[in-house]
Amino acid sequence: MLDKTFDPKSAEPRLYAAWEASGAFQPTDNPAAEPFSIVIPPPNVTGNLHIGHALNNTLQDVLIRFQRMRGKAALWLPGTDHAGIATQMVVERQLAAAGNIGRRDMGREAFVAKVWEWKAESGDQIVQQLRRLGASCDWSRERFTLDEGLSAAVRKVFVQLYKQGLLYRDKRLVNWDPQFQTAISDLEVETREEPGKMWWFAYPLEGEPIDGVSEIVIATTRPETMLGDGAVAVHPDDERYKKFVGRMVRLPIADRLIPIIADEYPDPEKGSGAVKITGAHDFNDFQVAVRHNLSLLSIMDEQARMAGPIPERYLGKPREEARKMVLEEIEALGLLRDIEEKLIARPYGDRSGVIIEPFLTDQWYVDAKTLAQPAIKAVEQGDMVFEPRNWEKTYFEWMRNIEPWCVSRQLWWGHRIPAWYDDDGGVYVEETEEAAQAAAGNKSIRQDEDVLDTWFSSGLWPFSTMGWPENTEDLKRFYPTNTLVTSFDIIFFWVARMMMMGLHFTGEVPFKRVFINALVRDAKGQKMSKSKGNVVDPLGLVDKYGADALRFTLTAMSGQARDIKLAEQRIEGYRNFGTKLWNVANFCQRNGCVRVAGYDPAAATQQVNRWIVGETAKTAELVTKALEAAAFDEAANGLYRFIWNTVCDWYVELAKPILNGPDGAAKDETRATVAWVLDQCLVLLHPVMPFITEELWAQTAEGGPDREGFLMSTAWPELPLSLVDTVAEREIGLVIDAITEGRSVRQGLNVPASAKPALLVIEGADWQLSTLDANAALVAQLLRVSEVRREPAVPEGAIPFVVNGATLALPVAEFIDLAAEKARLAKELAGLDKEIARFNGKLGNPEFVAKAPEAVIEENREKLAEAETAKSKLESALARLAAVG
RNA sequence: GGGCGGCUAGCUCAGCGGUAGAGCGUCUCGUUUACACCGAGAGGGUCGGGGGUUCGAUCCCCUCGCCGCCCACCA
């Protein structure tokens, strides 16, 4: 006997452990099986499962379970990312909180050891959390971006790119994070628009005034950088300033002479039209400075404190303080011309939240422009497709305007750059220190202190995890992968980089399809964030409702283009769905619906059974097609409708009279069919709700033929649409309509529940009557009337009403408000008149008849005929009603 | 400044050429031997505004208006 409800808390861990122990997560070694592979977007090794992971991994699991059941050699390769900057940040913060010394005082080795310690401590948390979700990853193949093999792949890639001239060291402006004191890539900079000020300064002209003008006014939002100005630029066509070009101004405070130059860069419409050029602290200015061969004055250090060739009183001052000092001094000098309130776009480090400083340093760059070309082409020619398709625009846009990728980070947690230097400026890029030393001869060498951007190793993920550069069996069998499931916020960071690296090093796209999932927001549509306190913890939801309910919710909502607004109520609803399934299984058990060996759905004889077999086949078709197309929501919603509305609401109800009836062939067949339908439901629902279906699979094993292994390893059903019996479909449809309509009218008539009047079927098209006749007992039971029978006419005192073209009668005038019923019929009649007029109008329109498709015209004719029949029934019903009352 | 989404029932969203659907919520009824984590029923929408194409538009085109996201070097 089944328990009253499914208890996910005890069942889920038990089932998961059993699956894992059985080796069912590993791809089959059947050589005939077609491979299907997914690599997981590796979460931060020390991270926690958030709702985005839950969505993303649920979809992957749905896919992989589906493909596994279809007999593919399905591999879902899991792993984690070392997440350089994020992890280092966490550990540094912990050290600080514990009152320990900072990492710089601690030294590299000790600090990195600390991070490994932290990884060991919290490293498998997220992996355990994925298990709680039900993720059927092949844990025997689990990888980590910093493990031995992946590190070797990283070194190989770095060295090869270097030797191919696609990776180089360069001194240029980078985005510098003064808190972490490292360079970051363009993508890690977040521009925020904030209210700020723009100050207008006058720079005195050196020498004679021109036309009485003895100063040039510049506008700036960053006054402190003026100390590093190398020039003032004006547009060559700007009449106001043309004459000043070639002269010098005296830079206030710094007290240096700088030239006035002409350049296309200044926009005469903006600000004063004259721009101060600070080559070492602004990306635009840098380009101007290079064009004009201006010297680049760095006036800040790694922590964004003032430094360099500037007045002594500024040295060591933080940039904010320096700004105040400059403003005060400029004002005191009488050179402040104006202050303008303005929205300023400021760059912030996406991790540190600190304002980024353009900073002149030596860094390693990848020639992304070159690598991007094949990656663009691959998507253009469809070797890789985005799903939804639209995201390729985003991808193209970025790839076509790609800038060199700064890959070096001044951090300690990560892949150390395999480059060594000698004291004479020689650089040796090799996979090992031995090789570098060999190249350097007897010179002494030291390794580059920096590590690589986390995304450098993630970019290799699809092939490095499979053993590249070795030509492993896995690589041969499972690469390229089939589908990548990820969210749009890392298309640039990750998808694009994998495309570039994959194509360059393996000559193949790393995946054939990328499914971009939406972003999960809270019920109000706000982005979840710790500071807003609206973060939904997926594990809390799993605790409360079970993993299946959460999985179903996320799957059903995954169709949304951009955002998923997650409301807890919804999860509750899908938990109820699981319970509904559980209860229907319970019903099966109580009614002796046991699976029968060799059951042939095509051989069913009972009309309801023939009907549900067809409905099941249609659902299987729908779910299969949907999952193939990654239309996860359609699959989930189709199953929901089928199981709840079709099976539970109708099939089970229609089967009850047979199951409660006398023993015999009809009862046996129905029992077997009910059991079969339930089995199909379990199989089809399994990818989305693996736990409850697996549990029911085991619980329903009793009495029937033996179950072979787990449901998760069971074959996906192949149910041909030829199982659909259109006659059964139409007739059962009619029975359902009649019952629905009958109930509706009964309720409208306010017939008390206690009343059991007879229901008479007296008119209607023959085939409809025969259907109703055949199911008379059933209809009577479901309508809760004592009897359904045919009569030539409405008997004396009975109240007629129209259902589905047939006229039914209740001989219970005392229960019925005659006036209300008359009004109802009159209203219905008016509606029909309108409808008839509409169809007549349409069909009377020569243009419609001439141009509309034949099928549409035919449909309209049928509807017109139906409406006219219904009208005549209604009219006679009204007449008889008048006679009675 | 570019680009991309969204605007459909009170809420969250499907539908995307033939006069509107679901779930939740609301209201009414219900001790029907699977299920109250249930069942039956009702109410509720000029499908953001305005044009156009079409026999016919929520659906296609144009335009405007909000809302959101991404990218961009504007001082």
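Hydrogens, waters and symmetry mates are skipped; everything else that's a heavy atom, side chains included, is used.
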With a 4.0 Å cut-off on heavy atoms, is [X] in touch with a base, just the backbone sugar-phosphate, or nothing at all?
X	answer
A:P853	base
A:F577	nothing
A:C648	base
A:G638	nothing
A:K656	base
A:N591	nothing

**Message:** Has A:K667 got a side-chain atom pairing as donor or acceptor with A:G661's backbone, closer than 3.5 angstrom?
**Reply:**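 Here the side-chain-to-backbone pair exists.
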
**Request:** Starting at atom CD of A:E653, determine the distance to atom C1' of B:rC38, rounded to an integer number of angstrom.
**Result:** 11 Å

**Prompt:** Pick one: which of A:L659, A:T700, A:V652, A:V584 meets side chain to side chain contact (heavy atoms under 4.5 Å, CB included) with A:C593?
**Reply:**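 Checked A:L659, A:T700, A:V652, A:V584 against A:C593; only one passes side chain to side chain contact (heavy atoms under 4.5 Å, CB included): A:L659.
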
Would you indicate, yes or no, if [N] has its OP1 or OP2 atom less than 4.0 angstrom from a side-chain nitrogen or oxygen of [X]?
X	N	answer
A:N390	B:rG5	yes
A:K342	B:rA75	yes
A:N576	B:rC38	yes

**Asked** Can you find a donor-acceptor N/O pair under 3.5 angstrom joining the side chain of A:K393 to the base of B:rC4?
**Response**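 No, no donor-acceptor pair under 3.5 Å.
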
For nucleotides 22-25 of chain B, give me every protein contact, N/O to N/O, under 3.5 Å, one pair per line with atom names.
residue, atom, partner, partner atom, Å
B:rC24, O2', A:Q569, OE1, 2.6
B:rC24, O2', A:Q569, NE2, 3.1

**Asked** Angle class for the A:W391/A:F488 ring planes (parallel below 30°, perpendicular above 60°, tilted otherwise)?
**Response** parallel

**Message:** For A:R222 and A:E224: C-alpha separation, side-chain torsions, deciding distance, then whether salt bridge (charged side-chain N to carboxylate O under 4.0 Å, His left out) applies.
**Reply:** CA-CA 6 Å; A:R222 303 213 45 201; A:E224 67 279 13; 2.8 Å; yes

Pick the [atom1] atom in [N] and in [M], then give their distance to the nearest Å.
N	M	atom1	value
B:rC60	B:rG18	C1'	15 Å
B:rC62	B:rC71	C1'	26 Å
B:rC7	B:rG15	P	10 Å

**First of A:D282 and A:T5 reached from the 5' end of RNA chain B, by closest nucleotide** = A:T5

